[in-house]
Amino acid sequence: MAALALALGACGGSDEGADETPGATPTAESSAPTPSGEPSTDDPSTGASATPTGGTAQEPAALEPTTDLLDWRPVDGPVADVVTRSGDWTLTVPRNGASYSLEGGDHGSGAGTPGTRVTDALIDGRWAVAVLQDKAEQRPMVAEVTELATGKTFRVDGRSEIPTTTGGTWALGEGTLVHATVASGAYCLATVDLATRTSTLGWCAAKRQGFTDARITSAGIALQTFDDSSPACRTLVAVDGEEVTPFAGVPDCKGWDGLLTEDGAVWSVIPKEHQVENAHFYARSGEAYVDLGPGTAGSLTWCAGAAYFVRDPQREGDPAALMRWSAESGLSVVYESPGGQAFLSEPRCGGDSLTVTAMAEDGDEQVSAPLS
């Protein structure tokens, strides 16, 4: 989905404002209070962690990362396959995207229909979801859902209570699957409670507007919305039923990635519209705003209570890195690529583990690390 989002932004990009420094001016639409910039602290005697020291939305405090490499282990099979590890489970999509396989526990499954490709492969320790789209993109997408504990499967498709549509964003988390749908001519977000298989129609975009890049955390669902202006105006929003609220502290029309945390959010902005792959990341915890530094657009991932994003080499000879941020532990480097010119895939969360693929001059690798 990151590639789709990048293509969207590239179509709407321009050089207007290309040399502006990516500030963090709050959106006019936000109802959040103006941050004071003063970090809050908890009573040490309670054992609660303090909110990290930060600046204001206009002047976020820059963070220097520490190094805290995870216990990365090679993933069996070709590096070209897209693999996501989740406990004892492995969800694999071969390079050609024509099928998928789910292996682990006492049972496994897999499928591939001629004329389709797997566009999303999601797993979180309780559920696995493979999303298939016909190559001509003429028929609604099909999500094949597996409950890992029982091996039971069911579909979410064009014949569901709230039907799928062609293309669109998908996300899995907190026992919920979200997907795009069309209702009364409007482009809308639908949620599926996987335990009950109950679908709910949520927020619908206004005419000539759309959305992409849904992300689910325990704090809620976030989207990137956009309009049809040129360049497109992008807004990061929190979704609550049929309502959306723009993120506080994100410059108008500049947002790209976004996710919600229990006391704030993490997001990225695009400093130069003709270089949409190059983003800059920020976070808010309470009223404290922090600058997380440069990263790759579309790579923001939530996993096991922390946000992760990719940072390409900043200088010749530097490795590509996977960054982690949380309000409790701050900013750190948790993975570095093999030597030479390199880039990383978007990290893939499996609930209790993280998988990443590195393409590097000194050798490609696909590795996974437990997070608990």
Salt bridge (Lys or Arg N to Asp or Glu O under 4.0 Å) between Arg234 and Glu273, intermediate numbers included:
CA-CA 11 Å; Arg234 302 179 304 272; Glu273 289 293 324; 2.9 Å; yes
My understanding is that a hydrophobic cluster links ILVMFWY residues whose side chain heavy atoms are under 4.5 Å apart, including indirect links. Using that, what else belongs to the cluster containing Val79?
Phe343, Met359
I'd like to know if the side chain of Thr166 and the backbone of Gln138 have a donor-acceptor N/O pair within less than 3.5 Å.
no
Could you list the cluster mates of Val75? Members are the ILVMFWY residues connected by side-chain heavy atoms closer than 4.5 Å, either directly or through other members.
Val83
Who pairs with Arg348 by side-chain hydrogen bond (donor to acceptor under 3.5 Å, both in side chains), at least two apart in sequence or on another chain?
Ser345, Thr357, Gln366
Selection residues 136-170 - residue pairs positive for disulfide (SG to SG under 2.5 Å), sequence neighbours left out:
none
Would you indicate whether the side-chain heavy atoms of Gln341 and Pro313 approach each other to under 4.5 Å?
no
Would you mind checking if Arg155 and Glu144 are paired as a salt bridge, meaning a charged N to carboxylate O distance below 4.0 Å?
yes
Looking at residues at least two apart in the chain, or sitting in another chain, which of them share a salt bridge (Lys or Arg N to Asp or Glu O under 4.0 Å) with Arg215?
Asp257
Test your reading of the model: is there a side-chain donor-acceptor pair from Ser299 to the backbone of Thr296, 3.5 Å cut-off?
yes
Are Trp89 and Val93 in one and the same hydrophobic cluster, where Ile, Leu, Val, Met, Phe, Trp and Tyr link if side-chain heavy atoms are under 4.5 Å apart?
yes
Quick note, disulfide (SG to SG under 2.5 Å) partners involving residues 325-372, not counting sequence neighbours, are Cys303-Cys349
Using the rule given for ring pair (Phe, Tyr, Trp, His ring centres under 6.0 Å), can you reason through Phe211 versus Trp203, listing the C-alpha separation, both sets of side-chain angles and the distance that settles it, and then say yes or no?
CA-CA 10 Å; Phe211 58 83; Trp203 172 78; 5.7 Å; yes
Could you pull out all residues at least two apart from Arg95 that satisfy side-chain hydrogen bond (donor to acceptor under 3.5 Å, both in side chains)?
none
Quick one: salt bridge (Lys or Arg N to Asp or Glu O under 4.0 Å) pairs with a partner in residues 122-140, sequence neighbours left out?
Arg117-Glu137
For Leu70, the other hydrophobic cluster members (4.5 Å side-chain criterion, sorted by chain and number) are Trp72, Tyr308, Val310, Leu322, Val334, Tyr335, Leu344, Leu354, Val356, Val367, Leu371
Residues 180-188, side-chain donor-acceptor partners within the protein, below 3.5 Å, at least two apart:
| unit_1 | atom_1 | unit_2 | atom_2 | d |
| --- | --- | --- | --- | --- |
| Thr181 | OG1 | Pro163 | O | 2.6 |

Those residues that, when tested against Arg208, pass side-chain hydrogen bond (donor to acceptor under 3.5 Å, both in side chains) (two or more places apart)
Asp228
Listed once per pair and sorted, the salt bridge (Lys or Arg N to Asp or Glu O under 4.0 Å) pairs that draw on residues 65-82, sequence neighbours left out:
Asp68-Arg324, Asp71-Arg73
